[in-house]
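In what follows, every chain begins at residue 1, and chains take the letters A, B, ... in the order their sequences are listed.
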Amino acid sequence: MSKEKKIYKPKSVSGFPEWLPEVRRVEQQWFDHIRRVFESYGFCSIETPSIEELDVLRAKGEVDKEIYVLERLHKEEDDDSDARLALHFDQTVPLARYVAQHFNDLIFPFKRYQMQRVWRGERPQAGRFREFYQCDIDVINVDALPLHFDAEMPAIIWEVLNDLPGMEGENIQLRVSNRKILIGMCECLGITNIVEVTRIIDKLEKIGEQDAYADLLELGLNDEQLALIIEISSIKSSPSEISGLLRDFIARNDVIARSGSDEAIQTFNGGVAELETVMDQLKHLPEDAVIADLSIVRGLDYYTGTVYETVFTDDPGYGSICSGGRYDDLAGSYINKALPGVGISIGFSRLFDRLRQKGAFDVTRKSAADILMVLPNEEQRAAAAETARTLRERGYNVELYHAAQKIKKQMSYAERKGIPYVWFPPFEAGQDHEVKCMETGGQTKADPQNWEPRKEERDAAVA
RNA sequence: GCGGCUGUAGCUCAGUGGUAGAGCACUCGGUUGUGGUCCGAGUUGUCGUGGGUUCGAUCCCCAUCAGCCGCCCCA
């Protein structure tokens with residue numbers, strides 16, 4: 001080593017977030033909360049490897065996804081044995097593989113949740129990462145999956161999001177639609193470039209009706225097609241009113257009955273019926289919490305019916321923080337059985353980072369400790385450690401200060417780490433224990449066997 | 001992948017063609033067993049990287065990399 005030591009400037013890679021302990025603590029609380037709600041509906045947990053074979057990830061046509069592939073640094077020039085490995089970009093495709101592979105050992109309907117990191121090689125931006133967490137729930141069944149689950153998904157998500165720490169001041173809205181409606185409509189109208197149409201409709205809110213109109217015109221749609229597509233896509237409604245709006249639309253536009261194939265009409269009518277049923281089962285949720293929004297179609301091509309998106313009502317441009325839908329045949333590439341499913345995914349990192357940047361989190365506590373045990377001097381070390389053990393057995397998190405330094409220094413340490421209580425064991429034999437509440441500054445005598453934080457102090461310390 | 005902006009201490013940022021500063025943070029101190037405030041002292045930089053112009057560049061030019069924002073796409 002030379003005298004001038006080389007220092008790499010430490011920095012994290014953009015798009016790969018990491019948090020300080022006080023933020024990580026909130027993140028852990030979020031995971032705990034989400035897990036609790038998911039499990040309360042009977043979902044089990046699984047975890048799949050970060051890596052899948054590239055062919056598995058590509059089996060469902062997601063080729064344009066930016067996928068990170070895995071490669072050894074030491075590999076030989078012509079060695080491509082690792083080239084088939086890649087980091088998964090979502091949890092739905094691995095789930096399909098998992099279900100197909102363990103088909104005989106699973107009980108259907110298979111209800112699982114999964115909270116893992118996923119990777120996408122996109123350009124990082126606000127709310128967009130290259131490594132991030134998703135929290136998914138999915139239900140997969142054999143042959144047919146009851147529509148009831150399509151309604152259960154948003155209900156669960158609403159419960160999760162509503163109670164997350166820091167979400168108190170946020171207005172979010174789950175938007176539900178059914179792809180069969182727009183697709184059936186396009187087919188009825190004889191529109192062939194359906195993918196392009198759905199892509200434009202998906203951006204309807206963002207680009208506005210004017211631009212959507214122009215873009216559709218450019219695709220070669222005629223006036224009648226245009227008008228109908230825009231009209232139906234513009235339908236937004238509460239759960240209780242959607243049925244009436246759809247019926248009214250159908251009654252006024254008999255074009256659907258007149259043109260198109262029977263199959264197209266069936267698709268359209270099926271979508272309408274499904275959406276009505278799903279929305280009907282969501283009427284118990286608060287006003288505006290969940291709406292039907294026919295402009296939601298979603299880009300992912302494997303969705304076949306119900307689709308979901310979730311936005312901040314006051315900032316829909318931030319992007320969806322929770323999306324999903326129904327897929328009839330995701331596992332079909334891996335097994336010769338019909339395994340329809342419906343699922344939804346919380347964009348954990350996107351949601352979390354927004355609230356973090358808004359300062360919505362309590363970031364005062366930089367450790368899990370409830371109590372800092374003062375070490376008065378080396379002679380009292382054993383007694384202090386014993387007191388700490390007693391309190392730990394009673395369920396408190398206790399950190400014993402590491403050195404018999406000035407009390408001022410030990411206090412300052414507790415203050416900076418946001419530890420709510422400082423415990424003073426006897427400085428000399430025969431004296432009393434004392435506890436100080438850092439929030440109020442109050443200090444009282446205490447017995448480690450039966451001390452409890454006073455309620456108001458506990459609230460203050462927790463808040 | 002395409003377009004725009006930015007790159008100076010751990011952080012937020014000043015600054016000048018003649019080899020750099022502030023605030024915050026951090027460390028220590030303001031004596032005996034008590035934090036937050038205040039006061040004092042101190043530590044910290046290949047001025048993103050490589051090349052060019054120049055007697056001389058952190059400042060000008062070119063390239064490159066990285067970051068931010070928008071597009072595409074999406075959680």
Side-chain angles (χ1 to χ4, degrees), chain A residues 4-17 20 62-67 88-92 114-136 157 161 172 195 198-200 202-203 206-207 296-301 303 307-312 317-325 343-354 364 372 374-377 380 384 401 404-428 431-432 434-443:
Chain A
E4 290 164 33
K5 149 175 102 156
K6 202 86 174 178
I7 290 182
Y8 279 100
K9 185 164 184 169
K11 56 182 173 190
S12 44
V13 179
S14 167
F16 291 76
L20 291 170
E62 293 289 317
V63 272
D64 52 350
K65 275 253 162 48
E66 289 284 356
I67 296 175
H88 59 222
F89 57 81
D90 74 1
Q91 300 179 123
T92 310
Q114 209 168 334
M115 308 196 293
Q116 292 181 234
R117 283 182 163 136
V118 303
W119 293 266
R120 290 182 197 176
E122 297 176 284
R123 269 207 114 58
Q125 267 170 47
R128 169 192 279 183
F129 305 96
R130 296 196 276 199
E131 174 180 77
F132 57 98
Y133 281 103
Q134 288 190 324
C135 302
D136 287 28
I157 292 304
L161 298 184
I172 54 162
V195 175
T198 57
R199 194 158 291 161
I200 292 165
D202 207 29
K203 291 192 291 183
K206 190 173 182 180
I207 63 180
I296 305 294
V297 277
R298 314 220 355 92
L300 290 176
D301 48 7
Y303 293 121
V307 284
Y308 316 102
E309 253 179 42
T310 312
V311 293
F312 289 101
Y318 185 70
S320 178
I321 49 165
C322 184
S323 310
I344 192 161
S345 172
I346 300 174
F348 184 100
S349 301
R350 174 174 285 180
L351 183 59
F352 185 82
D353 193 45
R354 179 185 166 96
T364 52
L372 180 75
V374 165
L375 180 61
N377 48 57
Q380 302 301 323
Y401 195 77
Q405 293 173 325
K406 290 181 176 179
I407 301 306
K408 184 189 181 80
K409 206 162 177 185
Q410 301 194 37
M411 296 287 297
S412 170
Y413 181 79
E415 159 70 22
R416 291 196 303 156
K417 284 185 82 168
I419 301 173
Y421 290 96
V422 173
W423 192 286
F424 298 92
F427 280 53
E428 289 164 40
Q431 289 181 328
D432 289 316
E434 289 184 13
V435 187
K436 175 164 186 155
C437 170
M438 296 299 278
E439 179 74 19
T440 63
Q443 185 166 330

**Prompt:** Think A/Ser320 has a side-chain N or O under 4.0 angstrom from the OP1 or OP2 of B/rA75?
**Reply:** no
**Item:** B/rU6: pairing nucleotide in any strand, Watson-Crick or G-U under 3.5 angstrom
**Value:** B/rA66
**Position toward the 5' end of RNA chain B (nearest nucleotide), A/Ser323 or A/Lys203** = A/Lys203
**Request:** Take the protein atom CZ of A/Arg120 and the nucleotide atom P of B/rC72, then report the distance between them rounded to whole Å.
**Result:** 17 Å
**Message:** Between B/rA66 and B/rG23, how many Å separate the two P atoms, rounded to a whole number?
**Reply:** 35 Å
**Request:** Give A/Phe129 one of three labels, base, sugar-phosphate or nothing, depending on what nucleic acid heavy atoms sit under 4.0 Å from its own.
**Result:** base
For nucleotides 29-34 of chain B, list the nitrogen or oxygen atoms of the protein found under 3.5 Å from its nitrogen or oxygen atoms, one pair per line.
{"residue": "B/rG33", "atom": "O6", "partner": "A/Gln431", "partner atom": "OE1", "Å": "3.3"}
{"residue": "B/rG33", "atom": "O6", "partner": "A/Gln431", "partner atom": "NE2", "Å": "3.2"}
{"residue": "B/rU34", "atom": "O2", "partner": "A/Lys436", "partner atom": "NZ", "Å": "3.4"}
{"residue": "B/rU34", "atom": "O2", "partner": "A/Gln443", "partner atom": "OE1", "Å": "3.3"}
{"residue": "B/rU34", "atom": "N3", "partner": "A/Gln443", "partner atom": "OE1", "Å": "2.9"}
{"residue": "B/rU34", "atom": "N3", "partner": "A/Gln443", "partner atom": "NE2", "Å": "3.2"}
{"residue": "B/rU34", "atom": "O4", "partner": "A/Gln443", "partner atom": "NE2", "Å": "2.8"}

**Prompt:** How close or far is atom C1' of B/rC73 from atom CZ of A/Phe89, stated in whole angstroms?
**Reply:** 13 Å
**Asked** When rounded to the nearest Å, what value does the distance between P atoms of B/rC59 and B/rG15 take?
**Response** 15 Å
**Message:** Please enumerate all residues that pass side chain to side chain contact (heavy atoms under 4.5 Å, CB included) together with A/Asp432, with sequence neighbours excluded.
**Reply:** A/Lys445
**Prompt:** Which base sits across from B/rU44 as a Watson-Crick or G-U pair, both distances under 3.5 Å?
**Reply:** none
**Prompt:** Counting only N and O atoms by type, is there a donor-acceptor contact under 3.5 Å from the side chain of A/Glu434 to the main-chain atoms of A/Gln443?
**Reply:** no
**Message:** Among A/Gln410, A/Lys409, A/Arg416, A/Lys417, exactly one meets side-chain hydrogen bond (donor to acceptor under 3.5 Å, both in side chains) together with A/Tyr413. Which residue is that?
**Reply:** A/Lys417
**Item:** Assigned partner base of B/rG35, Watson-Crick or wobble definition, under 3.5 Å
**Value:** none
**Prompt:** A/Phe312 versus A/Leu351: any side-chain heavy-atom pair under 4.5 Å?
**Reply:** yes
**Request:** For B/rC68 and B/rC11, measure between their P atoms and round to the nearest Å.
**Result:** 14 Å
**Request:** Once you apply the 3.5 Å cut-off to both distances, tell me the Watson-Crick or G-U wobble partner of B/rC11, or none.
**Result:** B/rG23
**Prompt:** In whole Å, what is the span from the CE atom of A/Met438 to the P atom of B/rU37?
**Reply:** 12 Å
**Request:** Please determine if a side-chain N or O atom of A/Arg130 lies less than 4.0 Å away from the OP1 or OP2 oxygen of B/rC73.
**Result:** no
**Inter-nucleotide P distance (B/rU32, B/rG7), Å rounded** = 48 Å
**Message:** Could you tell me how far apart A/Glu131 (CD) and B/rC74 (C1') are, to the nearest whole angstrom?
**Reply:** 17 Å
**Asked** Expressed in whole Å, how much space separates the P atoms belonging to B/rG40 and B/rU54?
**Response** 50 Å
**Request:** Answer yes or no: side-chain N or O of A/Arg199 and base N or O of B/rC73 forming a donor-acceptor pair under 3.5 Å.
**Result:** no
**Residue whose nearest RNA chain B nucleotide is more 5′ - A/Gly15 or A/Ile321** = A/Gly15
**Complete:** Taking a pair to mean Watson-Crick or G-U wobble geometry with both distances below 3.5 Å, B/rC73 pairs with none
**Request:** Report yes if the side chains of A/Tyr401 and A/Leu372 come closer than 4.5 Å at any heavy-atom pair, otherwise no.
**Result:** yes
**Request:** Could you please name the partner base of B/rA57, counting Watson-Crick and G-U wobble pairs only when both distances are under 3.5 Å?
**Result:** none
**Message:** Any side-chain N or O of A/Lys206 below 4.0 angstrom from OP1/OP2 of B/rC74?
**Reply:** no
**Asked** Rounded to whole angstroms, how far apart are CG on A/Leu20 and P on B/rC26?
**Response** 13 Å
**Complete:** Between A/Trp119 and A/Arg117, the two heavy atoms sitting closest are CZ3-O, 3.4 Å
**Message:** Rounding to an integer number of Å, can you tell me how far A/Ile344 CD1 sits from B/rC74 C1'?
**Reply:** 15 Å
**Prompt:** Does A/Arg123 have a side-chain nitrogen or oxygen under 4.0 Å from the phosphate oxygens OP1 or OP2 of B/rG67?
**Reply:** no
**B/rG33 and B/rU43, which share atom name C1', separated by this distance in whole Å** = 30 Å
**Request:** Let me know the distance between OH of A/Tyr303 and P of B/rC73, rounded to the nearest Å.
**Result:** 16 Å
**Request:** Please state how far atom CD in A/Gln125 lies from atom P in B/rC5, giving the value in whole angstrom units.
**Result:** 17 Å
**Request:** Sticking with atom P, work out how far B/rU58 lies from B/rU8, rounded to a whole angstrom.
**Result:** 15 Å
**Asked** About how many Å separate CG of A/Asp90 and CD of A/Gln114, when rounded to the nearest 0.5 Å?
**Response** 9.5 Å
**Request:** State, yes or no, whether a side-chain contact exists between A/Asp202 and A/Glu309 at a heavy-atom distance under 4.5 Å.
**Result:** yes
**Asked** Are any non-hydrogen side-chain atoms of A/Met438 and A/Ile419 less than 4.5 angstrom apart?
**Response** no
**Separation of the C1' atoms in B/rU44 and B/rU6, to the nearest angstrom** = 24 Å
**Prompt:** Roughly how far apart are A/Phe424 CZ and A/Ile407 CD1, rounded to 0.5 Å?
**Reply:** 6.5 Å
**Asked** Is the shortest side-chain N/O distance from A/Ser14 to OP1 or OP2 of B/rC68 below 4.0 Å?
**Response** yes
